[in-house]
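The structure displayed is predicted, hence computed values, not measured ones.
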Amino acid sequence: MELEKLCSIIAEVLHIDAKSITEDTAFVEDLGADSLDVFQIMMGVEELFDIEISSETVDGLITVGEAADEIRRVVG
């Protein structure tokens, strides 16, 4: 469920089809996201899930799967 919601946020921020995003999709290499895009995506995640993820953690996220794992870890 976290992955689907994350993909929806990514698609909205980057104006792409959510169905084209997988766990192996890299934010920068595959989606062309810059640091501001990733920040906006993670702000949407924090708001949706009512969680907080440190900027250091966000900076280390390479793939959508890593971001989904972090959301699951924080949500519990």
Where is the tightest heavy-atom contact between [X] and [Y], given as atom of each residue plus distance?
X	Y	value
A67	L6	CB-CD2, 3.7 Å
A18	C7	CB-O, 3.9 Å
V28	A33	CG2-O, 3.4 Å

Working to the nearest 0.5 angstrom, can you tell me the gap between I53 CD1 and D59 CG?
12.0 Å
Quick one: CD1 on I10 to CD1 on I41, what's the gap to the nearest 0.5 Å?
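It comes to 5.0 Å.
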Pairs where residues 1-22 contributes a residue and the test side chain to side chain donor-acceptor pair (under 3.5 Å) is met, not counting sequence neighbours:
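Every side chain to side chain donor-acceptor pair (under 3.5 Å) pair that includes a residue of residues 1-22, provided the two are not neighbours, is T22-T25.
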Sequence neighbours excluded - side chain to side chain donor-acceptor pair (under 3.5 Å) pairs with any residue from residues 43-56
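Qualifying pairs, neighbours excluded: S54-T57.
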Connected via hydrophobic side-chain network under 4.5 Å: [X] and [Y]:
X	Y	result
I62	I21	no
V13	M43	no
V58	V75	yes
V45	F39	no

With sequence neighbours excluded, tell me which residues meet salt bridge (charged side-chain N to carboxylate O under 4.0 Å, His left out) with D69.
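Here the qualifying residues are R72.
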Determine, step by step, whether L61 and V38 satisfy the side-chain contact (heavy atoms from CB on, under 4.5 Å) criterion, reporting the C-alpha distance in whole Å, the side-chain angles of both residues, the deciding distance to 0.1 Å, and the verdict.
CA-CA 9 Å; L61 298 174; V38 175; 5.8 Å; no
Does any non-hydrogen side-chain atom of V64 lie less than 4.5 Å from one of F27?
yes
